[in-house]
Amino acid sequence: MVTIGKTLLAVVCFATLAAACGSPAPSEPQPPRSPVAVGSGGAVSSVNPYASQAGIDVLKAGGNAVDAAVATAAALGVVEPYSAGIGGGGYFVYYDARTGKVQTLDGRETAPAAMKADTFLDPATGRPIPFDQAVSSGLSVGVPGTPATWEQALRSWGTIPLSRALDPAIRLAQDGFVVGDQFRAETAMNEQRFRAITPTTQLFLPGGELPVVGSRLPNPDLAATYRLLAQDGARAVYHGALAEDIVRAVRQPPVAQGADRTFRPGLMQTSDLAAYTAVPREPTHSTYRDLDIYGMAPSSSGGTTVGETLNILGNYQLSSADRVQALHHYLEATRIAYADRNRWLGDPAFTTVPAEGLLSTEFGKDRACLISPTTTLASPLAPGDPNRPANGCPAGVGAAPPREGPSTTHLVTADRQGNVVSYTLTIEQTGGSAITVPGRGFLLNNELTDFDFAPSTPGAPAPNLPAAGKRPRSSMSPTIVLRNGKPFLAIGSPGGSTIITTVAQTLVNRIDLGMTLPDAIAAPRASQRNSANTEAEQAFLDSPERAALERLGQRFVLAPPTLSPLPQIGAVEALEFLDGGAVQAAAEPVRRTGGSAMVVTPRP
């Protein structure tokens with residue numbers, strides 16, 4: 001089919017290619033999209049109104065925050081398939097109102113048993129293979145953790161079975177969703193990769209063309225897969241015919257005839273799937289301005305690095321009265337915390353992670369002494385040693401930061417009982433590995449590219465090299481903040497390595513600079529990750545503080561485009577718990593075309 005106008009293509013799809021192109025837009029519009037909602041009875045904030053509505057429907061039917069989180073996540077697998085789905089993994093943070101405790105699940109993907117430290121090295125040269133060849137390959141596909149996470153979360157803390165939690169997503173996948181500008185743009189970004197894989201082309205390039213904005217895109221294969229999970233539970237992914245289909249797609253990627261792109265075969269076996277478990281972990285815990293900050297422990301670096309950043313900043317008074325110094329200290333704190341992250345963080349089953357030391361107030365004070373109000377530190381900065389705090393302020397020179405994909409999605413939920421969930425899930429790159437499991441309707445991740453392909457410095461410790469069964473380091477930072485033992489904020493963001501800085505900056509905006517939660521989310525962002533230059537959004541570069549920060553030695557560059565043509569950093573979804581039992585759900589107003597905040601009973 002040749003490229004033709006949107007209107008004519010929609011007519012052609014309706015008249016002659018309905019099965020391939022999807023049906024036209026339904027008479028009823030998609031759920032309304034609003035970035036802010038205030039009310040009671042429960043709340044959901046996600047990147048997409050279909051997904052938020054799925055969670056709200058579960059809450060209205062009597063489900064709790066965990067039930068709603070799984071329903072929202074499953075719906076995101078339909079409408080945000082390039083960022084999340086059952087082919088990926090994530091981290092689940094839960095506050096239990098009855099016990100007052102925060103608990104977490106590590107649903108990160110794992111490397112297959114055949115993976116070795118040199119898997120991503122070219123045997124002919126001994127050097128890392130090109131990153132784009134690793135991204136689009138079976139070699140980068142980790143064992144998915146999302147299905148196991150959903151089932152374990154529901155069994156541990158939910159009130160409904162997986163089958164009921166999947167109901168909204170099954171209907172959505174069967175009936176289809178209205179294609180928006182963002183979905184079409186993300187498809188266009190991946191078009192060349194998607195055309196190289198036959199089932200991916202069939203699913204996301206209906207009729208051989210980009211999906212038409214305003215058309216309806218169903219995914220009956222995913223609906224059938226979700227029905228299989230509803231019937232057999234998560235074991236359907238890890239055993240039996242579906243597991244065999246996943247392994248076949250990884251080891252023999254279904255490359256289209258005549259494709260000009262090579263997809264390296266992967267290493268996964270059905271035994272790798274059968275061995276997978278989602279791991280319960282103690283959350284990270286730190287304090288900031290008399291608030292308790294709970295996050296995700298390693299294998300994620302999010303909880304420790306957000307916590308260390310705030311521990312460093314806790315040695316200073318930040319306020320809106322001097323925004324330049326507040327921003328300067330924020331940038332320096334993340335610069336320092338990232339130097340420590342890159343040296344110390346990895347899968348705790350394979351490396352000793354000094355998480356307690358990284359989160360200690362003593363170490364935060366020790367690292368804070370590096371910050372000058374009049375000058376900027378040089379990057380890459382050398383890491384500190386949390387095993388030997390109070391050793392002075394040697395700056396030193398460190399290694400360049402590793403690369404990490406910018407995709408992922410986040411959601412937050414709360415229920416009328418006061419339970420809260422902050423959940424970040426992903427398939428890594430936008431579009432993952434580009435490999436759709438034939439006949440199953442979902443993309444596989446490329447999470448193993450989050451491993452370091454080689455040591456950043458020869459001979460230096462390398463806690464994030466590949467290994468059999470290992471979980472690659474992540475920046476996902478689902479966070480719950482308590483005030484006087486009760487929920488105050490729940491927050492998280494997509495954005496790869498910028499997730500940590502996005503969460504930290506939003507918390508500083510809300511807690512220190514006195515912004516409302518919606519304003520804290522909307523504020524222009526800058527992300528310093530121990531690099532010579534700080535990536536920033538255009539609105540930050542246009543701000544009056546930029547020139548003053550540059551006089552202090554800060555150097556800025558425009559952030560690269562990620563999931564949209566515009567340079568953007570992160571996409572926050574958050575909740576704030578107000579006096580009188582009300583909750584404010586807040587999401588991005590503009591980034592990634594805006595998120596969707598909903599409450600069960602809106603405030604009049």
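Index from 1, following the sequence.
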Is there a side-chain hydrogen bond (donor to acceptor under 3.5 Å, both in side chains) between Ser52 and Ser46? Walk through the geometry before answering.
CA-CA 6 Å; Ser52 295; Ser46 81; 2.8 Å; yes
Tyr82/Phe194 under ring pair (Phe, Tyr, Trp, His ring centres under 6.0 Å): CA gap, chis, key distance, verdict:
CA-CA 11 Å; Tyr82 307 153; Phe194 283 4; 5.3 Å; yes
Any sub-3.5 Å donor-acceptor pair from Glu428's side-chain atoms to Thr449's backbone N or O?
no
So, Arg227 versus Gln174: side-chain donor-acceptor pair below 3.5 Å or not?
yes
Looking at CG of Asp96 and CD of Gln417, how far apart are the two atoms once the value is rounded to the nearest 0.5 Å?
10.5 Å
Report the distance from atom CE of Met296 to atom OG of Ser474, rounding to the nearest 0.5 Å.
9.5 Å
Is there a donor-acceptor pair closer than 3.5 Å between any side-chain N or O of Arg33 and the backbone N or O of Val47?
yes
Between Arg216 (side chain only) and Val179 (backbone N and O only), is there a donor and an acceptor less than 3.5 Å apart?
no
Can you find a pair of side-chain heavy atoms, one from Phe183 and one from Pro211, that are under 4.5 Å apart?
yes
Please check if atom CZ in Arg289 has more than 12 non-hydrogen atoms from other residues, nucleotides or ligands closer than 6.0 Å.
yes
Report yes if some heavy atom in the side chain of Tyr226 is under 4.5 Å from a heavy atom in the side chain of Ile86; otherwise report no.
yes
Do Gln53 and Met598 have side-chain heavy atoms sitting under 4.5 Å apart?
yes
Derivation and outcome, side-chain contact (heavy atoms from CB on, under 4.5 Å), residues Thr104 and Tyr91
CA-CA 7 Å; Thr104 76; Tyr91 298 99; over 6 Å; no
Show the nearest heavy-atom pair for residues Val572 and Thr506, with the distance to one decimal.
CG2-OG1, 3.8 Å
Decide, yes or no, whether a salt bridge links Asp450 with Arg108 under the criterion of side-chain N to carboxylate O below 4.0 Å.
yes
Whether Ser215 side chain and Val212 backbone form a donor-acceptor pair below 3.5 Å:
yes
From Gln584 atom CD to Leu575 atom CG, the distance as rounded to the nearest 0.5 Å
9.5 Å
Output yes when a side-chain donor or acceptor of Asn446 lies under 3.5 Å from a complementary backbone atom of Val141, and no otherwise.
no
Just so I know, are the side chains of Ile500 and Ser301 near enough to count as touching, which here means a heavy-atom distance under 4.5 Å?
yes
Can a side-chain donor-acceptor contact be found between Thr424 and His410 if the only test is distance below 3.5 angstrom?
yes
Begin with the C-alpha distance, continue with both residues' side-chain angles, and end with the deciding distance and a verdict on side-chain contact (heavy atoms from CB on, under 4.5 Å) for Leu291 and Phe488.
CA-CA 9 Å; Leu291 300 170; Phe488 170 47; 4.1 Å; yes
Say whether Gln538 and Asp542, considering side chains only, have a donor N or O and an acceptor N or O under 3.5 Å apart.
yes
For Ala169 against Ala75, the heavy-atom pair lying closest together:
CB-N, 3.7 Å
Any side-chain donor paired with an acceptor under 3.5 Å for Ser299 and Asp106?
yes
So, does Asn445 use its side chain to make a donor-acceptor pair with the main chain of Gly87 at under 3.5 Å?
yes
Donor + acceptor pair across side chains of Arg529, Ser497 (<3.5 Å):
yes
Residues Thr309 and Ala337: closest non-hydrogen pair is OG1-CB, 3.4 Å
Please check this pair: side chain of Glu588 against backbone of Gly595, looking for a donor-acceptor N/O pair closer than 3.5 Å.
no
Taking Arg471 first and then Glu447, would you say they form a salt bridge - that is, a charged N and a carboxylate O separated by under 4.0 Å?
no
Please report the interatomic distance CD1(Ile521) to CG(Leu517), rounded to the nearest 0.5 Å.
4.0 Å
With the threshold set at 4.0 Å, does a side-chain nitrogen-carboxylate oxygen contact exist between Glu573 and Arg592?
no
Under a 3.5 Å distance rule, please check whether Glu537 uses its side chain to pair with a backbone N or O of Gln568 as donor and acceptor.
no
Given 3.5 Å as the limit, does a donor-acceptor pair link the side chain of Thr436 with the main chain of Leu443, or not?
no
Can you confirm whether the side chains of Tyr330 and Asn509 place a donor and an acceptor under 3.5 Å from each other?
no
Mind checking whether Ile491 and Leu507 have side chains closer than 4.5 Å, heavy atoms only?
yes
Any side-chain heavy atom of Leu172 within less than 4.5 Å of one from Phe177?
yes
Taking Thr479 for the side chain and Ser477 for the main chain, is one N or O donor matched with an acceptor at less than 3.5 Å?
yes
Glu576 and Val583, any side-chain heavy atoms less than 4.5 Å apart
no
side-chain contact (heavy atoms from CB on, under 4.5 Å) for Ile160 and Val58? Distances and angles first, verdict last.
CA-CA 10 Å; Ile160 62 176; Val58 167; 4.2 Å; yes
About how many Å separate CD of Glu191 and CG of Leu210, when rounded to the nearest 0.5 Å?
4.5 Å
side-chain contact (heavy atoms from CB on, under 4.5 Å) between Ser475 and Tyr338, intermediate numbers included:
CA-CA 10 Å; Ser475 293; Tyr338 258 83; 4.2 Å; yes
Do Tyr423 and Trp150 pair up side chain to side chain, a donor and an acceptor below 3.5 Å, judged on atom types alone?
yes
Provide the closest heavy-atom pair for Ser596 versus Pro49 in the form atom of the first, atom of the second, distance.
OG-CA, 3.2 Å
Which residue in the set Thr502, Thr501, Thr498 passes side-chain hydrogen bond (donor to acceptor under 3.5 Å, both in side chains) when paired with Ser527?
Thr501
Would you check if Thr408 and Ser83 make a side-chain contact, meaning some heavy-atom pair closer than 4.5 Å?
no
In terms of side-chain heavy atoms, does Thr284 have a donor or acceptor partner in Thr304 at a distance below 3.5 Å?
no
Go through the steps to decide whether Arg193 and Ser136 satisfy the test side-chain hydrogen bond (donor to acceptor under 3.5 Å, both in side chains), and finish with yes or no.
CA-CA 7 Å; Arg193 295 200 306 147; Ser136 303; 3.0 Å; yes
Would you check if there is a donor-acceptor pair between the side chains of Asp67 and Thr159 at a distance under 3.5 Å?
yes
Hey, what do you get for CG (Asp512) to CG (Leu313), rounding to the nearest 0.5 Å?
7.5 Å
For the residue pair Gln528 / Thr534, report whether a side-chain donor-acceptor contact shorter than 3.5 Å exists.
yes
